[in-house]
Amino acid sequence: MKSIARFRGSRGCGCHELFVDTSAPAERQIVITDDFGQKVEMSLDRLGSLVEAAKTGALDDLALTG
């Protein structure tokens, strides 16, 4: 897997990380891990949908403020 980005939390809990795994089936090539060892696997198309939703503000109500 190739690391693409690291997302640092504001509460010092560790980092979420985004990977691309080109050896995985297409529907599981994008991997997001959390600081508890859990992971989410998805397709590049699914990630694109999430990014588009974030860009349009559709996810703004989900953002947690400290």
Side-chain angles (χ1 to χ4, degrees):
M1 287 196 299
K2 179 180 178 184
S3 177
I4 301 300
R6 240 189 190 159
F7 309 98
R8 297 192 189 281
S10 60
R11 299 181 186 172
C13 295
C15 300
H16 293 73
E17 196 161 356
L18 173 67
F19 296 91
V20 174
D21 183 356
T22 56
S23 67
E27 67 274 6
R28 297 173 53 184
Q29 286 188 343
I30 302 300
V31 180
I32 301 174
T33 61
D34 69 15
D35 48 328
F36 301 108
Q38 301 296 310
K39 66 181 177 179
V40 175
E41 300 170 330
M42 66 184 79
S43 68
L44 186 57
D45 286 341
R46 179 64 54 105
L47 176 63
S49 295
L50 286 171
V51 169
E52 185 61 30
K55 284 182 176 181
T56 63
L59 304 177
D60 288 355
D61 290 341
L62 296 176
L64 300 175
T65 57

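Values below: every heavy atom of this structure, side chains too, minus hydrogens, waters and symmetry copies. Throughout, residue positions are numbered sequentially from 1 according to the sequence presented. None of the values given here were measured: they were computed from a predicted structure.
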Exercise. What is the distance from atom CD1 of I30 to atom CG of L47, rounded to the nearest 0.5 Å?
Worked result: 5.5 Å
Seminar exercise, completed: Looking only at heavy atoms, the pair that brings M1 and V31 closest together is SD-CG2, 3.8 Å
Problem set entry | With A54 via side-chain contact (heavy atoms from CB on, under 4.5 Å) - residues at least two apart | L59
For this session: Take K39 and I32 through the side-chain contact (heavy atoms from CB on, under 4.5 Å) test and state the conclusion after the steps.
Result: CA-CA 5 Å; K39 66 181 177 179; I32 301 174; over 6 Å; no
For this session: Write out all pairs satisfying side chain to side chain donor-acceptor pair (under 3.5 Å) with one or both partners inside residues 44-56, taking only residues at least two apart or from two chains.
Result: none
Exercise. Partners of I4 by side-chain contact (heavy atoms from CB on, under 4.5 Å), sequence neighbours excluded?
Worked result: K2, L18, V20
Problem set entry | Single-linkage hydrophobic cluster, 4.5 Å side-chain cutoff, F7 and V40 together | yes
For this session: With sequence neighbours excluded, give me every salt bridge (charged side-chain N to carboxylate O under 4.0 Å, His left out) pair touching residues 16-34.
Result: R6-E17, R28-E41
Problem set entry | With A26 via side-chain contact (heavy atoms from CB on, under 4.5 Å) - residues at least two apart | none
